[in-house]
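Have a look at the structure below before the remarks.
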Amino acid sequence: MVGRGRREGGRIGGPTSVTDLAATELRTRVRTGELALGQHLVEQAVADDVGVSRAALREALRVLERDGLVEHVPRAGWRVVTLTLRDAHEIVLLREHLEELAVETGIPARPAPLARLDAEVRRMEAAADARVALDGLGFHRAFIGLPDNRRLAAAFETIAHPLGVLMNLNRGAHEEAETPRERAARHRRLCDLVAAGDRGEVRRELRAHPTTAFLGRADLSAEGAGPEALAWLAERTGFRHSAHCP
């Protein structure tokens, strides 16, 4: 068992367990694309790079497997998941339904969840000023948290980490059209509308957010995608994809 607070490899340690810190580091690398989708993970090389033992790394990889970010392939070892068009359709559809439920039951917002949403926007603004890349996952966790509904929050966590990967792909696809400051300003506008308490305006702003720009640029396999996913792709991009194409 990995000891709490023990430093391994000289890079990470402290009051949180080595496994937790390794898992956090690996999540970040997958979500930002530093570890590419489908990439094979050589245990010793990754353990050395992160600065943990192989035992701690394996525990961290099991955590990421539950998150939906890596998978263990028999006789082949660990690899980063490969998201398909079907995955993207399911994740985005669930996200939109959960956000709609958050709007319906969390607005007008109470002071505490509204303060958490505002704090996430401030983080985005500070990151933009510092020219540091920051995904919007924290903001959307806070948005889903507006009703303070534990089961709603738990449902969001089932897609949170793969959604973070799609958010990073989306940011890359949209970066030429929007600066980090403009992106932060867009989220500030949404936060202000939540504070104003007008559900209709919040819905309109959410629909205006370019959440699926990645569909036009990411190479997502359509293998296994049903007609609903293909119709969704056509609706969002204008591109019609044959169900028989890879």
Side-chain angles (χ1 to χ4, degrees), residues 16-17 19-21 23-24 26-28 30-31 59-71 81 83-124 134-171 186-209 211-212 214 224-226 228-229 232 236:
T16 306
S17 74
T19 296
D20 290 343
L21 288 163
T24 298
L26 291 173
R27 281 192 199 100
T28 299
V30 174
R31 290 212 310 255
E59 289 297 321
L61 288 170
R62 291 187 187 101
V63 173
L64 264 70
E65 185 176 34
R66 294 195 294 271
D67 290 343
L69 292 179
V70 302
E71 58 188 355
V81 296
L83 295 178
T84 65
L85 176 62
R86 177 179 178 178
D87 293 322
H89 176 234
E90 292 174 350
I91 291 166
V92 173
L93 189 66
L94 183 53
R95 167 194 174 171
E96 290 173 349
H97 282 292
L98 294 176
E99 287 180 345
E100 169 56 28
L101 187 56
V103 170
E104 185 63 30
T105 60
I107 299 174
R110 287 172 289 179
L114 183 58
R116 288 193 289 270
L117 190 68
D118 179 76
E120 289 298 332
V121 177
R122 291 177 184 275
R123 287 183 67 234
M124 295 180 78
L134 182 69
D135 67 28
L137 194 56
F139 175 89
H140 288 280
R141 273 200 178 99
F143 189 90
I144 291 295
L146 288 172
D148 197 21
N149 182 320
R150 291 175 299 170
R151 286 175 173 78
L152 175 59
F156 182 76
E157 286 306 312
T158 66
I159 61 167
H161 297 293
L163 176 60
V165 174
L166 294 181
M167 285 179 171
N168 182 65
L169 292 175
N170 201 64
R171 188 168 63 251
R186 176 162 54 84
H187 287 78
R188 168 57 65 194
R189 186 165 59 249
L190 180 56
C191 183
D192 289 344
L193 290 171
V194 170
D198 188 326
R199 294 191 189 107
E201 288 297 322
V202 171
R203 289 187 178 103
R204 277 187 282 275
E205 182 65 26
L206 279 173
R207 286 195 293 270
H209 281 213
T211 58
T212 53
F214 68 90
E228 296 86 358
W232 175 71
R236 298 295 174 103

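In this text, all values refer to a predicted model and were calculated from it rather than measured experimentally.
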I'd like to check the salt bridge (charged side-chain N to carboxylate O under 4.0 Å, His left out) partners of [X]; sequence neighbours left out, ordered by chain and number.
X    : value
R171 : none
D148 : none
R186 : E178
E71  : R79

[X]: what forms a side-chain contact (heavy atoms from CB on, under 4.5 Å) with it, not counting sequence neighbours?
X    : result
E104 : E100, R199, R203
A23  : R27, A60, V63, L64
T28  : T32
R188 : D118, V121, R122, E125, C191, D192

*Using the salt bridge (Lys or Arg N to Asp or Glu O under 4.0 Å) rule, collect all pairs that involve residues 149-163, keeping only residues at least two apart or in two chains.*
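Matches after skipping sequence neighbours: R141-E157.
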Would you please name every residue forming a side chain to side chain donor-acceptor pair (under 3.5 Å) with [X], sequence neighbours left out?
X   : result
E65 : none
T84 : D87
E99 : R95, H140

